[in-house]
**Student:** 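Got a structure for you, questions after.
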Amino acid sequence: MKILASDFDGTLFFHTGFKEKDLLAIKDFQRQGHKFGICTGRSLDGVLIPSDNVDIHYDFYIVNSGGMILDENQNVIFESKIPFSIIKEIYEKFPIAVSVVDGNMMYLMFNWKKRYQVRLRRLLQKLQGIPNETSPFIKDLSSLTKDSYNGFSFHFPNGKEQEARECANYINKHYGAYCHAFTNKVHVDICAKGCSKGAGVKFIEEYFQSDIIGGIGDSWNDLPMINNVDESFTFPYAPNDVQEQSDHIVKHLDEAISYLISE
């Protein structure tokens with residue numbers, strides 16, 4: 001049995017939706033007895049809702065950058081959280097757009113004028129396929145009342161990739177005892193210490209006792225996954241260092257599946 005763990009945004013799901021040939025290749029891969037699942041920085045609902053009207057089945061879910069792992073029936077088989085006090089402390093260092101994940105729910109906080117929040121809400125709905133009500137806006141972090149959360153993300157404006165990477169580096173240097181940060185272009189995804197997409201695929205490999213595990217992604221936050229699988233794949237549009245660390249460059253996800261089947 002072989003496994004393919006796939007990033008979601010820019011790999012399986014695009015602003016135009018899913019690619020039909022990828023969906024057909026996934027079904028054929030699974031029909032041959034192999035497993036296909038998601039490895040993403042998104043929350044579970046961030047995957048389920050865009051996939052709702054699509055003919056696709058996930059054999060596992062690695063979400064929140066490895067902070068939560070679920071089986072095909074969405075039962076939690078691994079979970080780790082970040083103390084809320086640490087989230088608040090880090091936010092004070094970077095008081096920008098932030099989202100906090102609690103199980104399936106994602107809370108958004110943007111210190112922007114209301115008209116810009118409305119535009120952003122619509123943009124999120126268009127790009128991520130998520131209904132507005134599933135990602136509620138909060139005025140400040142005091143609206144959150146739990147002691148710990150599955151993860152959180154900072155969202156820098158377009159063109160601020162360097163600032164995002166500096167933010168991630170700062171978090172990893174000063175808060176590495178509690179959490180770890182990964183950059184995805186202008187987004188910084190933060191999960192609990194010891195969690196990553198790489199740790200997630202290793203967990204899944206042992207869970208299924210697979211022969212070969214592959215991973216495919218398109219950005220820096222996919223490097224832990226790319227560096228912890230037997231066969232790694234990325235795209236010509238991925239950053240150069242992601243391409244350099246991947247075993248194969250493919251144009252579409254279905255090509256990665258074809259390679260794994262032929263191995």
Side-chain angles (χ1 to χ4, degrees), residues 1-42 46-48 50-51 54-63 65-66 69 72 127-129 161 164-165 182-187 189 196-205 207-208 210-263:
M1 182 184 67
K2 300 173 183 178
I3 293 174
L4 179 60
S6 172
D7 178 42
F8 198 67
D9 296 285
T11 299
L12 176 64
F13 182 73
F14 302 84
H15 70 279
T16 54
F18 296 85
K19 297 183 184 300
E20 185 62 27
K21 61 181 180 179
D22 289 342
L23 298 177
L24 291 173
I26 291 167
K27 291 185 72 172
D28 185 50
F29 185 69
Q30 293 170 318
R31 193 160 39 239
Q32 296 186 40
H34 307 305
K35 304 293 184 181
F36 176 85
I38 290 298
C39 188
T40 180
R42 285 194 182 213
V47 174
L48 293 179
S51 307
V54 179
D55 186 13
I56 187 170
H57 171 77
Y58 301 113
D59 294 301
F60 59 89
Y61 303 82
I62 302 169
V63 296
S65 297
I69 305 176
E72 62 181 328
L127 294 181
Q128 298 190 7
E161 287 86 353
R165 299 192 81 166
F182 303 93
T183 53
N184 180 9
K185 298 178 182 177
V186 295
H187 307 285
D189 298 326
S196 69
K197 289 188 175 186
V201 293
K202 283 298 183 184
F203 181 95
I204 287 297
E205 182 178 26
Y207 183 80
F208 285 110
S210 67
D211 301 315
I212 295 177
I213 185 165
I216 183 168
D218 71 314
S219 194
W220 295 294
N221 65 331
D222 295 308
L223 285 174
M225 170 179 64
I226 285 170
N227 291 320
N228 279 281
V229 294
D230 301 309
E231 299 290 344
S232 57
F233 304 85
T234 193
F235 307 94
Y237 52 82
N240 289 337
D241 43 354
V242 177
Q243 295 189 46
E244 290 169 359
Q245 295 182 53
S246 298
D247 297 319
H248 311 279
I249 310 297
V250 295
K251 292 182 179 179
H252 306 286
L253 187 148
D254 70 308
E255 293 181 28
I257 291 176
S258 295
Y259 180 89
L260 285 177
I261 289 177
S262 65
E263 273 290 283

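All heavy atoms count here, side chains included; hydrogens, waters and symmetry mates do not. Computed from a prediction, not measured in an experiment: that's the story for all the values here.
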**Student:** How long is the span from the OG atom in Ser258 to the NZ atom in Lys21, to the nearest 0.5 Å?
**Tutor:**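 NZ of Lys21 is found 10.0 Å from OG of Ser258.
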**Student:** What verdict does the ring-ring contact (aromatic ring centres under 6.0 Å, His included) test give for Phe8 and Phe13, after you've listed the backbone C-alpha separation in whole Å, the side-chain angles of each residue and the deciding distance to 0.1 Å?
**Tutor:** CA-CA 5 Å; Phe8 198 67; Phe13 182 73; 5.1 Å; yes
**Student:** Looking only at heavy atoms, which two atoms of Ile216 and Leu253 are closest? And how far apart?
**Tutor:**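 Nearest pair, atom of Ile216 first, then Leu253: CD1-CA, 4.0 Å.
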**Student:** For Ile3, is there any backbone N or O sitting under 3.5 Å from a side-chain donor or acceptor partner on His34?
**Tutor:**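 No, His34 side chain to Ile3 backbone: no donor-acceptor pair under 3.5 Å.
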**Student:** Just by modelled atom types, is the Cys39 backbone N or O under 3.5 Å from a matching donor or acceptor in the Lys197 side chain?
**Tutor:**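 Checking the backbone N and O of Cys39 against the side chain of Lys197, a donor-acceptor pair under 3.5 Å is found.
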**Student:** How many angstroms lie between atom CD of Gln245 and atom OG of Ser232, to the nearest 0.5 angstrom?
**Tutor:**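 If I round to the nearest 0.5 Å, the distance is 9.0 Å.
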**Student:** To the closest 0.5 Å, what do you measure between NZ (Lys202) and CD1 (Ile213)?
**Tutor:**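 Result: 7.5 Å between the selected atoms.
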**Student:** Would you call Ile62 and Val201 a side-chain contact if the rule is heavy atoms closer than 4.5 Å?
**Tutor:**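 Of all side-chain heavy-atom pairs linking Val201 with Ile62, at least one is under 4.5 Å.
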**Student:** Give me the atom names and distance for the closest heavy-atom approach of Met1 to Gly33.
**Tutor:**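 Heavy-atom minimum between the residues: CG-O, 3.4 Å.
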**Student:** How far apart are the closest heavy atoms of Thr11 and Asp22, and which atoms are they?
**Tutor:**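 Taking every non-hydrogen atom into account, O-OD2, 4.3 Å.
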**Student:** Can Thr234 and Asp222 be said to form a side chain to side chain contact (heavy atoms under 4.5 Å, CB included), step by step?
**Tutor:** CA-CA 9 Å; Thr234 193; Asp222 295 308; over 6 Å; no
**Student:** Can a side-chain donor-acceptor contact be found between Tyr61 and Thr40 if the only test is distance below 3.5 angstrom?
**Tutor:**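 Looking only at side-chain atoms, Tyr61 and Thr40 do not form any donor-acceptor pair under 3.5 Å.
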**Student:** Is a donor on one side and an acceptor on the other found under 3.5 Å between the side chain of Tyr237 and the backbone of Lys251?
**Tutor:**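 Not at all, since once roles are kept as given, no pair shorter than 3.5 Å links the two residues.
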**Student:** Return the minimal non-hydrogen interatomic distance between Lys35 and Asp59, and the atom names on each side.
**Tutor:**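 So the minimum-distance heavy-atom pair works out to CA-OD2, 3.3 Å.
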**Student:** Yes or no on side chain to side chain contact (heavy atoms under 4.5 Å, CB included) for Ile249 and Phe233, after CA distance, side-chain angles and deciding distance?
**Tutor:** CA-CA 6 Å; Ile249 310 297; Phe233 304 85; over 6 Å; no
**Student:** Ignoring hydrogens and geometry, is there a side-chain-to-backbone donor-acceptor pair from Asn221 to Asn184 under 3.5 Å?
**Tutor:**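 No, because the side chain of Asn221 does not come within donor-acceptor range (under 3.5 Å) of the backbone of Asn184.
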**Student:** Do Ile226 and Val242 come close enough that some side-chain heavy atom pair is under 4.5 Å?
**Tutor:**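 They are in side-chain contact.
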**Student:** Look at the aromatic rings of Phe60 and Phe208 and report parallel, tilted or perpendicular, splitting at 30° and 60°.
**Tutor:**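 Tilted: the ring planes of Phe60 and Phe208 meet at 30° to 60°.
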**Student:** Using 4.0 Å as the upper bound for N to carboxylate O, is an ion pair formed by Asp211 and Lys2?
**Tutor:**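 A salt bridge is absent here (no side-chain N lies under 4.0 Å from a carboxylate O).
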**Student:** Please assess Glu72 against Tyr58 for the test side chain to side chain contact (heavy atoms under 4.5 Å, CB included), listing each intermediate value before the final yes or no.
**Tutor:** CA-CA 6 Å; Glu72 62 181 328; Tyr58 301 113; over 6 Å; no
**Student:** Sub-3.5 Å donor-acceptor pair from the side chain of Ser196 to the main-chain atoms of Ala199, do we have one?
**Tutor:**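 Between the backbone of Ala199 and the side chain of Ser196 there is a qualifying donor-acceptor contact (under 3.5 Å).
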**Student:** Hey, does the Lys NZ or Arg CZ of Lys19 hover above the aromatic six-ring of Phe14, less than 6.0 Å from the centre and inside 45° of the axis?
**Tutor:**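 Output yes; distance and angle both within limits.
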**Student:** Mind checking the CZ-CD1 spacing from Phe36 to Ile26? Nearest 0.5 Å is all I need.
**Tutor:**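 Rounded to the nearest 0.5 Å, the CZ-CD1 separation comes out at 3.5 Å.
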**Student:** Run Gln32 and Asp28 through side chain to side chain donor-acceptor pair (under 3.5 Å) and show every step you take.
**Tutor:** CA-CA 6 Å; Gln32 296 186 40; Asp28 185 50; 3.2 Å; yes
**Student:** Could you give the distance from CZ (Phe182) to CE (Met225), rounded to the nearest 0.5 Å?
**Tutor:**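 One finds 11.5 Å between CZ of Phe182 and CE of Met225.
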**Student:** Salt bridge check, Arg42 against Asp189: does any charged N sit closer than 4.0 Å to a carboxylate O?
**Tutor:**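 Salt bridge flag = no for Arg42 with Asp189.
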**Student:** Do the side chain of Gln243 and the main chain of Ala238 share a donor and acceptor less than 3.5 angstrom apart?
**Tutor:**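 Present.
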**Student:** Which atoms form the tightest heavy-atom contact between Leu12 and Ser6, and what is the distance?
**Tutor:**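 Where Leu12 meets Ser6 most closely, the heavy atoms are CB-OG, 4.0 Å.
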**Student:** Checking Asp241 against Trp220 for the side chain to side chain contact (heavy atoms under 4.5 Å, CB included) test, could you report, in this order, the C-alpha distance in whole Å, the side-chain angles of both residues, the deciding distance, and whether it holds?
**Tutor:** CA-CA 8 Å; Asp241 43 354; Trp220 295 294; 3.0 Å; yes
**Student:** Within the distance-only criterion (no hydrogens, no angle test), does the side chain of Gln30 pair as donor or acceptor with the backbone N or O of His57 below 3.5 angstrom?
**Tutor:**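 Indeed, once roles are kept as given, a pair shorter than 3.5 Å links the two residues.
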**Student:** Quick one: are Val54 and Glu20 in side-chain contact, heavy atoms under 4.5 Å?
**Tutor:**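 No; the side chains remain at least 4.5 Å from each other.
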**Student:** How close do Ser219 and Thr183 get, heavy atom to heavy atom, and via which atoms?
**Tutor:**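 What the structure gives for the nearest pair is OG-O, 4.3 Å.
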**Student:** Going by side-chain contact (heavy atoms from CB on, under 4.5 Å), Phe29 matches just one of Asp254, Leu24, Ile257. Which one?
**Tutor:**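 When side-chain contact (heavy atoms from CB on, under 4.5 Å) is applied between Phe29 and each of Asp254, Leu24, Ile257, only Ile257 qualifies.
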